[in-house]
Structure formats: structure tokens, C-alpha cells
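Read through the structure below, which is laid out as C-alpha cells, and then see the notes.
Remember, it's 1-based here, ligands and their atoms both numbered in the order they're listed. From a predicted model like this one, the values you see are computed outputs, not experimental measurements.
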Amino acid sequence: MERTLSIIKPDGVKQGLIGEVVRRFEKNGIRIIAMKMIRMTKNQAKGFYAVHEKRPFFDSLTDFMSSGPVVVMVLEADDVIAKNRTLMGATNFEEAAEGTIRRDFATDIEKNVVHGSDSPETAAFEIGYFFNAFEIAG
Ligand code: IDP
Ligand code: MG
């Protein structure tokens with residue numbers, strides 16, 4: 001069993017996609033073992049995306065991620081890091097495969113509805129960034 005962090009980004013929450021994203025996870029055999037709605041401060045968003053701090057889009061991305069409520073979830077399943085990335089689709093929604101969350105709902109390369117950890121190391125960091133052991137039901 002593997003775990004990963006998922007975030008429904010502010011644009012996803014604003015578009016009313018919480019249920020849709022959760023349904024796609026559940027339909028694909030992914031268990032949600034922790035979930036909460038939060039609003040990040042700019043500094044919390046900067047800490048979360050610290051790996052991107054040298055990228056030109058860092059300031060805009062962290063403004064966006066702190067612009068409204070998000071839903072953070074811990075997902076569990078076999079190979080869930082890759083499974084979630086497949087359901088999400090490519091970062092750029094114009095390149096994302098048909099039927100993926102980003103292809104169906106993203107409006108912009110930045111406003112792409114969902115986040116998903118990209119490796120076991122980032123999953124461990126990202127889960128610990130938002131949840132303590134008592135908040136994870138798995
Ligand atoms: P990922 O979310 O698919 O893992 P990353 O490369 O880790 O993509 O980038 C993190 C987030 O930064 C993306 O989901 C997107 O919101 C934003 N982003 C990535 N590349 C660009 C860009 O070229 N312009 C604006 N925003 C970007
Ligand atoms: Mg990433």
C-alpha cells in the first residue's frame with residue numbers, strides 16, 4: 001500500500017468539483033484516509049512549493065494557492081502516486097489525456113484543479129506538511 005497527497009486547488013473548489021474529484025478517486029479503487037478544507041497563507045503555499053522557488057511562476061502560483069479554500073486529502077492504494085497522476089493528467093491541460101481531471105476541468109496551466117505528489121519522498125513531505133498521525137484514519 002502506498003500513500004499520496006492530493007489537493008483540490010482553489011479553482012477546483014470554486015468550480016464545485018469536490019464531489020467530482022472524490023468520485024473519480026473512489027470509482028478507481030483509491031481510499032481517502034484523511035481529508036480537510038483549509039485556506040493556506042501565502043507563506044504556507046511558499047513552503048509547500050519550496051521546490052519551485054526558483055521558477056518564474058513561483059510568485060503567481062503561491063498567490064493562486066493561497067487565494068481561496070482548498071481540500072487536502074491523503075489517498076491510499078497500491079501504486080497510488082502513479083494512479084493519481086494518471087487520473088489528474090499532464091500539468092498543461094492542453095496536453096492532458098482525454099478523460100483526465102485536468103483535461104476536463106482545468107482552465108489554465110496554473111489553474112489546473114488538482115495537485116498530486118510525484119514521488120514517495122515528496123508524498124511523505126507533503127502529507128506531513130498538512131496532517132499529523134492522529135488525523136489519518138488509515
Ligand atoms: P504538477 O502539478 O503537474 O506536478 P509542477 O511542475 O510540479 O506540476 O508545477 C506545480 C504547479 O505549478 C502546477 O500544477 C501548476 O499549477 C503550476 N505551473 C507549472 N508550470 C507552470 C507554468 O509554466 N506557468 C504557470 N504555472 C505553472
Ligand atoms: Mg509537481
Hey, does the side chain of Glu98 reach the backbone of Arg103 with a donor-acceptor pair shorter than 3.5 angstrom?
-> no
Does the distance from a Lys or Arg side-chain N to an Asp or Glu carboxylate O, for Arg85 and Asp118, drop under 4.0 Å?
-> no
So which protein heavy atom does atom 24 (N) of ligand 1 come closest to, and at what separation?
-> Ile109 CG2, 3.5 Å
Do Ile33 and Met73 come close enough that some side-chain heavy atom pair is under 4.5 Å?
-> no
Report yes or no: does Asp118 have a heavy atom closer than 4.0 Å to ligand 1?
-> no
Is any side-chain N of the basic residue among Glu20 and Arg23 closer than 4.0 Å to the acidic one's carboxylate O?
-> yes
Mutual orientation of the aromatic rings belonging to Tyr49 and His115 [parallel < 30°, tilted 30-60°, perpendicular > 60°] | perpendicular
Is a salt bridge present between Arg102 and Asp108, judged by a nitrogen-to-oxygen distance below 4.0 Å?
-> no
Can you tell me which residue and heavy atom of the protein come closest to atom 5 (P) of ligand 1, and the distance to 0.1 Å?
-> His52 NE2, 3.6 Å
Under 4.0 Å from ligand 1, counting heavy atoms only, is it the side chain of Thr91, its backbone, both or neither?
-> both
Atom 2 (O) of ligand 1 [closest protein heavy-atom partner, distance rounded to 0.1 Å] | Arg102 NH2, 3.0 Å
Considering only the protein, which heavy-atom contact is closest to atom 16 (O) of ligand 1, and what is its distance?
-> Glu110 O, 2.8 Å
Please state which part of Lys111 comes within less than 4.0 Å of ligand 1, counting heavy atoms only: side chain, backbone, both or neither.
-> neither
Is it true that Arg85 lies under 4.0 Å from ligand 1, counting heavy atoms only?
-> yes
Please answer: with hydrophobic residues joined when any side-chain heavy atoms are less than 4.5 Å apart, are Val70 and Val114 in the same cluster?
-> no
Could you tell me whether Asn112 approaches ligand 1 through its side chain, its backbone, both or neither, with non-hydrogen atoms closer than 4.0 Å?
-> side chain
Ranked by distance from atom 19 (C) of ligand 1, the top protein heavy atom is Phe57 CZ, 3.5 Å
